[in-house]
**Q** 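Handing you this structure, nothing more for now.
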Amino acid sequence: MTVRRGTTMLELVVALVITAAVAAVGALAFRQVVDRRITVVEATRSTERAAALRTTLREWISTASLDTLIAPPGELHIITNARTPTGTPGARVRLYIDTDPETPTRGLCATFRATGGAAQRTQELDGTMTALRVEYLDRATGQWVGEPALLAGRPRAVRLTLPPDDTQAPLWQLPLTLVVDSLPLTGGAS
């Protein structure tokens, strides 16, 4: 009787095929984990940027007086005492959507002008935004109106809404509503 030592070529090929199949499945699973991690990281960054911007807008508006009479629909004009790029209190801030292809900014932008008529500064806040809806809660009727000229008097609240878009963080789908009862109103409205 002869004793066989080692493996046959067939056994070696079968072992290599099984090893290759396991490695291929492992590589595919690893790639899916990496892809999911990239998606989660991108979504997290987008949400963090949106949260930071919402906080900044909330600070600007909550320490502001409203320039409602000069703000056209789709814009919000305020005079804020919060920290802005001008570095001075009482800065005028204009929030709007920039769609002009001739300007270097896109999307949600803010223009700042310091007290005393210094030069204005424009800053892109979020280049993915394509629309901004500003509404004022009319104190007399209890209705949200889009044009300050339609207000019967001093607004009760201001609501900023950025219409949903697949490229935006889901956080922007929630309106940013701020009560302005305690805020002064400029521009001659009562």
Side-chain angles (χ1 to χ4, degrees), residues 38-39 41-138 144-151 155 157-180 183-189:
I38 289 170
T39 301
V41 166
E42 288 172 0
T44 302
R45 285 184 183 149
S46 176
T47 301
E48 286 173 349
R49 280 193 306 271
L53 183 54
R54 284 178 68 92
T55 300
T56 299
L57 293 176
R58 184 177 298 279
E59 287 173 5
W60 289 347
I61 296 169
S62 66
T63 63
S65 57
L66 297 171
D67 270 344
T68 58
L69 296 183
I70 60 170
E75 291 187 11
L76 180 65
H77 294 203
I78 58 174
I79 300 172
T80 185
N81 288 317
R83 185 180 43 159
T84 65
T86 64
T88 61
R92 290 188 175 274
V93 179
R94 171 183 166 231
L95 293 174
Y96 65 100
I97 298 292
D98 187 349
T99 57
D100 185 358
E102 301 297 318
T103 61
T105 56
R106 297 281 181 278
L108 181 62
C109 296
T111 301
F112 307 95
R113 184 179 301 272
T115 310
Q120 74 179 21
R121 177 179 176 184
T122 301
Q123 180 177 345
E124 180 179 299
L125 302 175
D126 190 326
T128 65
M129 302 298 173
T130 58
L132 171 66
R133 187 170 59 235
V134 180
E135 298 171 294
Y136 304 91
L137 182 60
D138 192 325
W144 289 99
V145 296
E147 293 189 39
L150 299 177
L151 288 170
V158 176
R159 178 168 64 189
L160 300 177
T161 307
L162 295 142
D165 185 336
D166 292 340
T167 63
Q168 297 170 359
L171 188 58
W172 278 125
Q173 296 176 12
L174 302 172
L176 178 62
T177 305
L178 296 164
V179 176
V180 295
L183 302 180
L185 188 67
T186 64

**Q** Strictly distance-based, threshold 3.5 Å: is any side-chain N or O of Arg106 a donor or acceptor partner for the main-chain N or O of Pro101?
**A**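 Pair found, side chain donor or acceptor close to backbone of Pro101.
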**Q** Atom CH2 in Trp144, atom CG in Asp138: separation rounded to 0.5 Å?
**A**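 These two atoms lie 10.5 Å from each other.
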**Q** Quick check against the 3.5 Å criterion: does Glu135 have a side-chain atom that pairs as donor or acceptor with the backbone of Arg159?
**A**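 The answer is no, because no donor-acceptor pair under 3.5 Å joins these two groups.
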**Q** Check side chain to side chain contact (heavy atoms under 4.5 Å, CB included) between Thr55 and all other residues, then give those that pass, not counting sequence neighbours.
**A**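 Thr55 satisfies side chain to side chain contact (heavy atoms under 4.5 Å, CB included) with Glu59 once adjacent residues are dropped.
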**Q** With rounding to the nearest 0.5 angstrom, report the CG to CD1 distance, Leu57 to Ile78.
**A**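 The distance works out to 8.0 Å.
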**Q** Let's go through Asp126 and Arg49 carefully: what are the C-alpha distance in whole Å and the side-chain angles of both, what is the deciding distance for side chain to side chain contact (heavy atoms under 4.5 Å, CB included) to 0.1 Å, and is it a yes or a no?
**A** CA-CA 9 Å; Asp126 190 326; Arg49 280 193 306 271; 5.9 Å; no
**Q** Could you grab the distance from atom CG of Leu53 to atom CZ of Arg58, nearest 0.5 Å is fine?
**A**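 Leu53 CG to Arg58 CZ: 12.0 Å, rounded to 0.5 Å.
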**Q** Just verifying a value: how many Å separate Leu108 CG and Thr130 OG1, rounded to the nearest 0.5 Å?
**A** 10.5 Å
**Q** What heavy-atom pair brings Thr80 and Val93 nearest, and what distance separates the two atoms?
**A** CG2-CG2, 3.7 Å
**Q** Looking at residues at least two apart in the chain, or sitting in another chain, which of them share a salt bridge (charged side-chain N to carboxylate O under 4.0 Å, His left out) with Arg94?
**A** Glu75
**Q** Only one of Thr84, Thr111, Ile79 forms a side-chain contact (heavy atoms from CB on, under 4.5 Å) with Arg92, so which one is it?
**A**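 The single option meeting the side-chain contact (heavy atoms from CB on, under 4.5 Å) with Arg92 is Ile79.
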**Q** For the residue pair Gly74 and Val134, what are the closest heavy atoms and their distance?
**A**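 Where Gly74 meets Val134 most closely, the heavy atoms are C-CG2, 4.2 Å.
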**Q** Measuring from Thr122:OG1 to Leu125:CG, what's the distance to the nearest 0.5 Å?
**A**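 These two atoms lie 10.0 Å from each other.
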**Q** So which heavy atom on Pro155 is nearest to which on Tyr136, and how close?
**A** CB-CB, 3.9 Å
**Q** Asp98 versus Glu124: any side-chain heavy-atom pair under 4.5 Å?
**A**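 No; the side chains remain at least 4.5 Å from each other.
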**Q** Considering residues at least two apart in sequence or located in another chain, which fulfil the salt bridge (charged side-chain N to carboxylate O under 4.0 Å, His left out) criterion with Arg45?
**A**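 Salt bridge (charged side-chain N to carboxylate O under 4.0 Å, His left out) list for Arg45, sorted by chain: empty.
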**Q** Are any side-chain N or O atoms of Trp60 and backbone N or O atoms of Asn81, one a donor and one an acceptor, separated by less than 3.5 Å?
**A** no
